[in-house]
Protein chains: 2
Amino acid sequence: MTLSKSSVRNRLLQAMSEDDFARLAPHLEPVTLSVKQVLVEANEPIEYVHFLEAGLASVVAISPDNERLEVGHIGREGMTGEPILLTVDYTPHQTFIQVAGSGLRIRADDLSAAMEGSPSLKGLLLHWVQVLMIQTAQSALANGRFAIQERLARWLLMCHDRMDGDDLPLTHEFLSLMLGVRRSGVTEALHVLEGVKIVRTSRGRIHLLDRARLEEIAGACYGLPEAEYARLIGLPLKN
Amino acid sequence: MTLSKSSVRNRLLQAMSEDDFARLAPHLEPVTLSVKQVLVEANEPIEYVHFLEAGLASVVAISPDNERLEVGHIGREGMTGEPILLTVDYTPHQTFIQVAGSGLRIRADDLSAAMEGSPSLKGLLLHWVQVLMIQTAQSALANGRFAIQERLARWLLMCHDRMDGDDLPLTHEFLSLMLGVRRSGVTEALHVLEGVKIVRTSRGRIHLLDRARLEEIAGACYGLPEAEYARLIGLPLKN
DNA sequence: TCGGTTCTGTACGAATTCGACCAAGAGAAT
DNA sequence: ATTCTCTTGGTCGAATTCGTACAGAACCGA
C-alpha cells in the first residue's frame, strides 16, 4: 500500500501534481527523526534525501578550524540533500535534526530517476533549491548587518513557521551555535523578549506568546525567503 | 562567424564539451561590461545571462530597509543569472559589475533551450549553482564568525583569483559595502596588511605583493568554495 | 589652472559582543 | 534521597566594531 498525497504533510509533496507524486510514492519510506541525527554527513555521499513531515533540520557550514554556523533551515516545507537535485553527490555541509520529528525518505538514485522523467517535478525541486539559496543569502545578510536581538527574533520566527504549536524545544547553547554568538548572549537577548512578554521560557523550551511583535523586532531581517517560497512553490510556507 | 571554444576565456565555457559549446556559440554575443553596470536587477525578469571573460561581478542581497551585502562573487570562472538555471525568472538579489571587463551574453530563453537538449550541459551548469551556494554559505560563515581582518583577506583573495594581474581596482568605500563594515574599518585593516608588506595601496588600487601570506591571514575563512569549484567543474578556479 | 568631487587618513567616545568564569537551578539516573 | 549532568543566570574586564566627523590628498573636468 503506497502513500496517498492527501495524507502527507510535507509541502513540497503537497505542491506537486498527482502524477509527480505517484512517481515518488513507491519509493518513499517513513522514518522517525531524532535530535542530532545526521541526515547528510559532510563530504560523504548522500544516500537518502528526506522530505520532512515534522521537526526541523539545519544545514551547517563547517570551517577547517571547526567553526560552525547554520546556513539552512529546513522543516516540512522542504527537503534535505539538495545537492542531489543539482546532480552533485556530496557536499562540505552537514545536515542534522534540530527538533525531533518524522519524514519520508527516498534513495537519491530513485529521486534522480524520477526527476529525469518529469520536467515538472524537476522544476518544482529546482525552485526549492532557489529558495534555499535565498535563505542562505539572507543568513549571510543577517550575520553581517544585524544585531543579536534581531537575528534571534528571525531564528525563532523561522523555527515557529515550521513547528506545530508555539513551543520551541531549544536550549540557549543550541541557539548560540546556530546564530554564531556566545551562549550568554542568547540568554540576554531572550531575557529582553521575555521582559516584554513576547516569549516565556523554561529549561529547554521557548514558548512564543506574541508572534506579531516578534516580527516587528526581527524587522527587515525576516521575511524575504518566506515570500519567495510562496511565490516559487505555490503554497505558503506556513499553513 | 561564430566563436571558437579555444578563444574564450570563461572557464565554464572551457569546461564544457565541444558539442555543448556548439549549442551555445551561435547565441553568444560579446559585450563590454563597465563598472556599476547592472546585469541582473532585483525583482525584474532576467533577460540575459552573462559568461564573464574578464572583470568581476557581485551578487548582493538587499534587505527591505536597504542594507546591502555581497552574497556572491563571479568572475570568468562563472556566469550571472543563476536563477535561470533553476527555471526561476527573477530574484530579489541584484548582480552588478564591480570591476570592469567583458563577457559573452546569451538570452535566457536560448540558454534554457540549450540546456533542455543536453543533460551534460545542464549538469555542468547545475554544478555551478552548487558552487555558488557553497560560496554564499561561506559568506554567511565569514560574516558570522570571522573578524574584519580575515574577511578582508578572503575578499582580496577571491578578487585576485578572478583578475589577471596583481592589481585590484577597489576603493575602501566599495570594500566596506561588500564586507558589511564601516569604511574606516577597511582602511585600518588595509593598513595592517600594508604594514607587513602584503599589499601596497594607492588611491583606488590595491596591489597584492605576497599572496601566500595573505592566505595565511585569511586562514579558514578562504578556500572551501574554491576547492569545490575544482571538484565540480573539473578545472581549477584560477589558472 | 582652478574648482569640485572622490578617496583616504585619522580621531573620539559609545555601543556591542566577546571570552572566561562561577553559582544556582532543574531534571535524570542510581 | 542523593548524586550527577545539563542548562541557565549572571558577572568581569577586554576586544572589536561602530558612528560620526573632519581635513588633507588625489584626481577630474572645465
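Just so we're on the same page: letters track the sequence lines, and every chain starts at 1.
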All ring-ring contact (aromatic ring centres under 6.0 Å, His included) counterparts of Trp128(B), not counting sequence neighbours: none
What nitrogen or oxygen pairs link the protein and nucleotides 11-14 of chain D at under 3.5 Å?
none

Atom of His160(A), atom of Lys238(A) and distance for their closest heavy-atom approach: O-NZ, 3.4 Å
Spacing of Asn143(B) atom CG relative to dT17(D) atom C1', expressed in whole Å: 14 Å
Shortest non-hydrogen contact between Asn10(B) and Gly78(B), atoms and distance: ND2-O, 3.0 Å
Distance-only donor-acceptor test, Arg183(A) side-chain atoms vs dG19(C) base atoms, 3.5 Å: no
Contacts of Arg11(B) that satisfy side-chain hydrogen bond (donor to acceptor under 3.5 Å, both in side chains) - sequence neighbours left out: none
Rounded interatomic separation in angstrom, taking CZ from Arg151(B) and C1' from dT16(D): 11 Å
Separation of dA15(D) P from Gln149(B) CD (nearest whole Å): 16 Å
DNA chain D contacts made by residues 163-176 of chain B, counting heavy atoms under 4.0 Å: none
Nearest-Å distance for atom pair CZ/C1', residues Arg205(A) and dC6(D): 16 Å
Nearest-neighbour nucleotide for the Ile148(A) side chain, dT10(C), dC18(C), dG9(D) considered: dC18(C)
Length of the CG-P vector between Leu177(B) and dC18(D), whole Å: 13 Å
Candidate pair Arg76(B) and Arg162(B), rule side-chain contact (heavy atoms from CB on, under 4.5 Å), full reasoning: CA-CA 6 Å; Arg76(B) 75 158 125 273; Arg162(B) 290 159 176 88; 6.0 Å; no
Exercise: identify the closest heavy-atom pair between Ile148(A) and Gly185(A): CG2-O, 4.2 Å
Of the listed nucleotides dT10(C), dT17(C), dT17(D), the one nearest the side chain of Ala147(A): dT17(C)
Ser139(A) side chain to Arg154(A) side chain, donor-acceptor N/O pair below 3.5 angstrom: yes
Arg183(B) to Phe174(B), cation-pi by 6.0 Å centre distance and 45° axis angle: no
Salt bridge flag under 4.0 Å for residues Arg200(A) and Glu194(A): no
Tyr48(A) six-ring face occupied by Arg105(A) cation (under 6.0 Å, within 45°): yes
Sugar-phosphate only, base, or nothing, as touched by Gly185(B) at under 4.0 Å among non-hydrogen atoms: nothing
Side chains of Glu41(A) and Gln94(A), donor plus acceptor under 3.5 Å: yes
Short side-chain N/O contact to dT8(C) OP1/OP2 from His191(B), under 4.0 Å: no
For atom CD of Glu150(B) and atom C1' of dA15(D), their distance in whole Å: 14 Å
Pairs where residues 202-211 of chain B contributes a residue and the test salt bridge (Lys or Arg N to Asp or Glu O under 4.0 Å) is met, not counting sequence neighbours: Asp161(B)-Arg211(B), Asp167(B)-Arg205(B), Asp210(B)-Arg213(B), Arg211(B)-Glu215(B)
Please tabulate, one pair per line, each protein N/O and nucleotide N/O from nucleotides 26-29 of chain D that are separated by under 3.5 Å, including the distance.
residue, atom, partner, partner atom, Å
dA26(D), N3, Arg203(B), NH1, 3.2

Separation of dT10(C) P from Leu190(B) CG (nearest whole Å): 13 Å
